[in-house]
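Note that the numbering runs from 1 along the sequence shown for the chain.
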Amino acid sequence: MRTISDPTFVFVPGGSSNARAWGPLQNELALRGHRSYAVDLPGHGDRADHPAAYYRQPQDLTALAAAPSPMRGLTLQDNVRHVVDVLHRLAASGPLVLAGNSFGGLTVTAVANAVPELVDRVVYLSALCLSDRAMLTEKWDVVDDNLLDAAVARIAVPGAGIPGVARLNWRGAHADPDLFAQLKAAVMADSTDHQYRMLLDSLDPDENHAVLKEGALVRAEAWGCVPHTFVRLSEDMSIPPAVQDYMIRKADELTPANPFEVHTLAASHVGYFSRPEIFADLLAGLV
C-alpha cells in the first residue's frame with residue numbers, strides 16, 4: 001500500500017515535446033506503484049493553438065510559415081510559474097521528484113532555483129544543465145558530434161521568422177525516408193520505425209528559445225541545495241555523452257559539496273519513450 005512518503009515524479013518535456021511523450025514511462029512507473037504527472041509547458045500540448053497547417057495533408061509550407069505561434073511572447077518565467085503551480089498542487093501528496101529531458105532541463109533548473117523547498121530531487125535525463133554564463137554565449141570546450149543539428153536544419157520551416165521561436169516540420173519526415181532515417185538516428189535510434197512514427201506525430205512544431213536566459217543557470221545557493229541526479233544516455237546522438245559529461249563537470253565545480261549522482265543507461269536521447277522499462281527501474285531505484 002502506498003504511503004504519504006512515496007514520491008510523485010513530475011516530468012518536464014524536451015524541445016517540441018509535450019506530456020504525451022511521457023506516457024510509456026508513466027505506465028511503467030504505475031506498474032511499480034509510483035505516482036507521476038507529465039507537464040505541458042505553456043504553448044505546448046493538446047490545449048495549445050498549434051498551426052492547423054502543420055496537421056493538414058498534403059502540407060502547405062507557405063501557410064505553415066505564416067501561421068502565428070502559441071509561444072509568441074512566452075518566457076522562461078512563464079514556464080517556471082506553470083510548473084511551480086503544479087508542484088504546489090501535488091505537494092500535499094508527498095515528496096516531489098522533478099525530472100526533465102533535453103531542452104526541458106532549462107526549466108527544471110529554473111524551477112529548482114525558484115522553489116528549492118518544494119523539490120526533493122531533480123533528475124536530468126540527458127537534459128541541458130547550464131551552470132556558467134559563458135555556456136549561454138560562448139562555444140563549449142568539448143567535442144559535440146551530435147547528429148541532431150544537421151537533421152533539424154532540414155525540417156526548419158523557411159520564412160517563419162517568429163522572434164524567439166523555432167518552427168520545425170517534424171511531420172515532413174513521414175514523406176521523406178532519408179529524412180526520417182536521419183532524424184531517427186539522431187533522436188531515437190534504439191526504437192522501431194513504428195515507435196519513431198508515433199513520437200513524430202506527438203511532437204509540436206514550435207519551441208521557445210526565449211528560455212535560454214540567465215534564469216536557467218544553476219544557482220549554488222538554491223538549486224545547489226537540492227539533491228540532483230544526472231542520467232547519462234550513452235547512445236544519445238542529440239546530446240552526446242561528451243557533452244553530458246561536460247555539463248556534469250561544470251555543475252559539480254559550482255557545487256562541490258553536493259555533486260551530481262550519476263547513472264548511465266545504454267539508451268538514445270528519447271529512450272524513455274521506446275524503452276521505458278529501464279528508465280522506470282532506474283527512477284524507482286532512486287527512491
Side-chain angles (χ1 to χ4, degrees), residues 11-22 38-55 59 61 64-83 99-111 124-130 135-136 144 146-173 179 182-184 186-188 196 199-217 236-239 243 268-270 272-273:
F11 293 114
V12 177
S16 291
S17 194
N18 52 61
R20 281 175 283 167
W22 297 105
V39 174
D40 273 329
L41 292 175
H44 278 290
D46 296 339
R47 296 185 181 181
D49 189 17
H50 301 297
Y54 179 61
Y55 302 97
Q59 287 186 313
L61 293 184
L64 180 57
S69 172
M71 294 184 185
R72 191 180 185 94
L74 291 175
T75 68
L76 177 64
Q77 286 309 307
D78 291 309
N79 285 4
V80 171
R81 280 191 290 269
H82 180 72
V83 177
N101 169 246
S102 194
F103 212 59
L106 301 173
T107 296
V108 166
T109 297
V111 169
Y124 293 76
L125 301 172
S126 189
L128 290 181
C129 180
L130 309 185
M135 296 175 83
L136 288 171
D144 183 358
N146 80 83
L147 302 181
L148 185 61
D149 289 347
V152 162
R154 294 183 62 184
I155 61 172
V157 178
I162 306 165
V165 177
R167 175 160 290 170
L168 303 175
N169 184 20
W170 295 98
R171 292 188 168 211
L179 175 58
Q182 186 178 7
L183 284 167
K184 180 172 176 281
V187 175
M188 207 164 71
Y196 190 60
L199 180 72
L200 276 180
D201 279 345
S202 78
L203 296 177
D204 302 329
D206 291 357
E207 185 49 65
N208 184 12
H209 285 189
V211 301
L212 281 163
K213 299 294 184 181
E214 287 194 9
L217 297 176
D236 192 340
M237 295 308 299
S238 293
I239 303 179
V243 178
S268 66
H269 189 58
V270 194
Y272 59 87
F273 185 89

Below 4.5 Å, heavy atoms only, C-beta onward: do [X] and [Y] meet side chain to side chain?
| X | Y | result |
| --- | --- | --- |
| Ile162 | Met71 | no |
| Ile239 | Leu128 | yes |
| Tyr196 | Phe273 | no |

For [X] against [Y], the heavy-atom pair lying closest together:
| X | Y | value |
| --- | --- | --- |
| Pro51 | Pro205 | CD-CG, 3.9 Å |
| Leu179 | Ala173 | CD2-CA, 3.9 Å |
| Cys129 | Tyr124 | CB-CE2, 3.8 Å |
| Met188 | Val270 | SD-O, 3.3 Å |
| Ser126 | Asn101 | O-ND2, 4.0 Å |
| Asp149 | Asn146 | N-OD1, 2.8 Å |

Under a 3.5 Å distance rule, please check whether [X] uses its side chain to pair with a backbone N or O of [Y] as donor and acceptor.
| X | Y | result |
| --- | --- | --- |
| Ser202 | Leu199 | yes |
| Glu207 | Ala166 | no |
| Arg171 | Asp201 | yes |
| Ser238 | Ala186 | yes |
| His50 | Pro70 | no |
| Arg167 | Leu64 | yes |
| Asn169 | Leu61 | no |

Taking atom [atom1] of [X] and atom [atom2] of [Y], what is their separation to the nearest 0.5 Å?
| X | Y | atom1 | atom2 | value |
| --- | --- | --- | --- | --- |
| Asn208 | Phe103 | CG | CZ | 7.5 Å |
| Leu136 | Leu217 | CG | CG | 4.5 Å |
| Leu168 | Arg154 | CG | CZ | 13.5 Å |
| Lys213 | Leu76 | NZ | CG | 9.5 Å |
| Leu41 | His82 | CG | NE2 | 6.5 Å |
| Leu148 | Asp236 | CG | CG | 9.0 Å |

Could you list the residues that satisfy salt bridge (Lys or Arg N to Asp or Glu O under 4.0 Å) with Arg81, not counting sequence neighbours?
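Scan of Arg81 (salt bridge (Lys or Arg N to Asp or Glu O under 4.0 Å), adjacent residues dropped) gives Asp78.
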Who passes salt bridge (Lys or Arg N to Asp or Glu O under 4.0 Å) against Asp40, sequence neighbours left out?
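Asp40 satisfies salt bridge (Lys or Arg N to Asp or Glu O under 4.0 Å) with no residue once adjacent residues are dropped.
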Ring geometry between Tyr272 and Trp22 (parallel below 30°, tilted from 30 to 60°, perpendicular above 60°):
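Judged by the thresholds at 30° and 60°, the geometry between Trp22 and Tyr272 is parallel.
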Taking the basic N atoms (NZ, or NE/NH1/NH2) and the acidic carboxylate oxygens, is any pair closer than 4.0 Å for Arg72 and Asp206?
no
Arg20 and Asp204: CA distance, side-chain angles, deciding distance, side-chain contact (heavy atoms from CB on, under 4.5 Å) verdict:
CA-CA 11 Å; Arg20 281 175 283 167; Asp204 302 329; 4.0 Å; yes
